[in-house]
Structures are given as C-alpha cells and as structure tokens.
Number of protein chains: 2
Amino acid sequence: MRHNPPACCDMRGMLSFMILWLLSKKQMYGQELAEEIAKRKGDRPNPGTLYPALKDLEGKGLIQSEQIGRTRIYKLTIDGKNGLKRACEYFYQAFGDIFEDYKCTCDIEYEA
Amino acid sequence: MRHNPPACCDMRGMLSFMILWLLSKKQMYGQELAEEIAKRKGDRPNPGTLYPALKDLEGKGLIQSEQIGRTRIYKLTIDGKNGLKRACEYFYQAFGDIFEDYKCTCDIEYEA
DNA sequence: AGATTTATATTGCACATCCAATATATAAGT
DNA sequence: ACTTATATATTGGATGTGCAATATAAATCT
C-alpha cells in the first residue's frame, strides 16, 4: 500500500537529496526518476518540479547528463557523490532517532 | 560532532514533523524545542521560523499550549498524535531505504 | 503521412521553511 | 529602581518544493 502525504504537516523538502541518492544507485533519465520518486512520495512529481531541480543540480556540478534521442540520462559526478555522503550524515543526525523510534514501535510492511 | 547542513543540496523541510515528534516525547516550551532542533539540524531555528510554525500547528489543532509566566508550554493533542503516526509512516516510506542503506555503509557514531 | 505517445521543458502561482532585524513582556541579578 | 537575560513574537525577504497548464521534439503506430 502506498501512503500519500499526511494532512497533519507539510512533508515537502529533500527532493534534491532524494534525486542524488537515487542516481547513486543507477543512472536514470527523468521519467525513471519520476517513477522512483512516486514509489516513495506517493505521486509522480510534476515536470515543473522535477526538471528545474535536475537543472539546478547540474548547474551546481553535482550531476551530469547526456541526451540520447528523446531521453536525457542523468548520473552523479564525483562532487555529487561526495555531497551525497555529507547529506546522508546530516540527514541521519537530523532524523535518525525518529527512524529508530518508528521501527521500534511499528511493524514494518514492505511492498511485495 | 555536530554536522551543519551540506552545501550540495537543500535540506530544509519537515520542521512541523520534527516538532510533532519532539512533543510526542515530552511537553516543551519554545526554547526547549529550539535546543532539541539545534541538536538535529546544527543550529537553533530563528524565532521567525519556530514561532510561526508553532502557531500554525496550534491553529490546526495538532498541539495546544498554556502560558506560564514568560514561557508557553506546548503539548500534543489527540489529533496531533494521530497525525504524527501517519506522518511517520509516510516518512518511512519516502526515506526508509535511504536510512537502511546509510546504516549499512557507514559506521555510526553517537554523541557521548 | 498523420495521429498518438513519450520525454523534456517552461511559466506562473502557492506555501513551508529559512534568515536578519526588531519588539515586548517577564524574570533575575545588582 | 535599574540592568540584564530570557522567552515569545512579528515583519520582510529569499529560496526550494509543490501544482496546473502549456509547449516542443522525438519515437511509435496505423
């Protein structure tokens, strides 16, 4: 079952972080990324959300892309890999105890 | 050691979520919350960030507060507890695999 | 060839979150 | 009483993330 964003509080943010992490697993084009993001956030990001984020990351030198036909393949750069490592450390510092707490109090169900 | 936000990507967001989770552990006043947030995010949130967020959460009925002298004590309401549970489920769906992945590839150090 | 689908991309808007700067009221210290 | 410290609070600005709507180019299909 896929959860949509909760009504109680805003859960936006961390899109660039998620993109970097996804690209660290596998190089992907935009619509592949959109599908992976949808698995996690409940819905595909709008083009007006996704493509500016990719453009921004490329402008910062964290990802690079190559156009092949109508698709554009994105992959991490060295700077992107190093940045992701730091971002993960920060993310764990900020939310690690919330995760551990959640895992102790809830039965976790994975999608088949 | 306390990590500051990384340069690579924006890590804003989830402030209301973090506030709800902190208040689920213990009722607190604003400056106590600011200190707990600082432990996680690296710096105390500006008053212009924290107090509007608290006001918004109270307006939605997720928290309630009581003024005692110069401090205002905040605590979760029933709606806040239920909302937090859903928010945790969503958060785990969105970022759970990033956490598990991080824990597998990094040695974790806890503050003394 | 013409129509449809797919993928990329932009514009314009809304909003949470971030800051610096400033203000007010209460509590504590001298 | 006066000063200082603490806690709450607002204003104004910047930026990332979110959407709907629209546009363009390439690939596919009949």
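Proteins come first, then strands; the chains are lettered A, B, ... in the order of their sequence lines, and each starts at number 1. On a predicted model such as this, the values are computed, not experimentally measured, just so you know. When reading the values below, keep in mind they use all heavy atoms of this one structure, side chains included, and skip hydrogens, waters and symmetry mates.
Rounded to an integer number of Å, the gap from CG of A:Leu50 to C1' of D:dG16 is 14 Å. Atom OH in B:Tyr29 sits roughly 14 Å away from atom P in D:dA9 (whole-Å rounding). Separating the CZ atom of B:Phe95 from the P atom of D:dT17 is a distance of 10 Å, rounded to the nearest angstrom. The separation between B:Tyr51 atom OH and D:dT6 atom P is 13 Å, rounded to whole Å. For A:Gln31 and C:dA7, the CD to P distance is 6 Å, given to the nearest whole Å. Rounded to an integer number of Å, the gap from CG of A:Leu62 to P of D:dG16 is 13 Å. With rounding to whole Å, A:Arg72 atom CZ is found 17 Å from D:dA27 atom C1'. As rounded to whole Å, 13 Å separates atom C1' of D:dT17 from atom CG of A:Leu57.
For residues 18-26 of chain B, proximity to DNA chain C is found at no residue, defined as any non-hydrogen atom under 4.0 angstrom from a strand atom.
The shortest distance between the side-chain N/O atoms of A:Gln67 and the OP1/OP2 oxygens of C:dT8 is not below 4.0 Å. Considering only side-chain N and O atoms, B:Lys55 lies nowhere under 4.0 angstrom from the phosphate OP1 or OP2 of D:dT8.
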Under 4.0 Å protein heavy-atom contact, by nucleotide of nucleotides 16-28 of chain C - B base, S sugar-phosphate only
SBBBBB----BS-
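Applying the ring pair (Phe, Tyr, Trp, His ring centres under 6.0 Å) criterion to A:Phe99, with sequence neighbours excluded, gives B:Phe91, B:Tyr92, B:Phe99.
No side-chain donor from either of A:Trp21 and B:Asp97 sits under 3.5 Å from a side-chain acceptor of the other.
A donor-acceptor contact shorter than 3.5 Å links the side chain of A:Gln93 to the backbone of B:Arg40. Between the side chain of A:Ser65 and the backbone N or O of A:Arg72 there is no donor-acceptor pair closer than 3.5 Å. A donor-acceptor pair under 3.5 Å is formed between the side chain of A:Gln67 and the backbone N or O of A:Gly69.
Residues B:Tyr29 and B:Ile68 are members of one and the same hydrophobic cluster, defined by side-chain heavy-atom contacts under 4.5 angstrom among Ile, Leu, Val, Met, Phe, Trp and Tyr.
Taken from CG in A:Asn4 to CD in B:Glu89, the straight-line distance is 12.5 Å, to the nearest 0.5 Å.
With respect to B:Lys25 and B:Glu36, no salt bridge is recorded, no charged nitrogen being found less than 4.0 Å from a carboxylate O. Note on A:Glu58 versus A:Lys55: no salt bridge recorded, every NZ/NE/NH1/NH2 to OD/OE distance being 4.0 Å or above.
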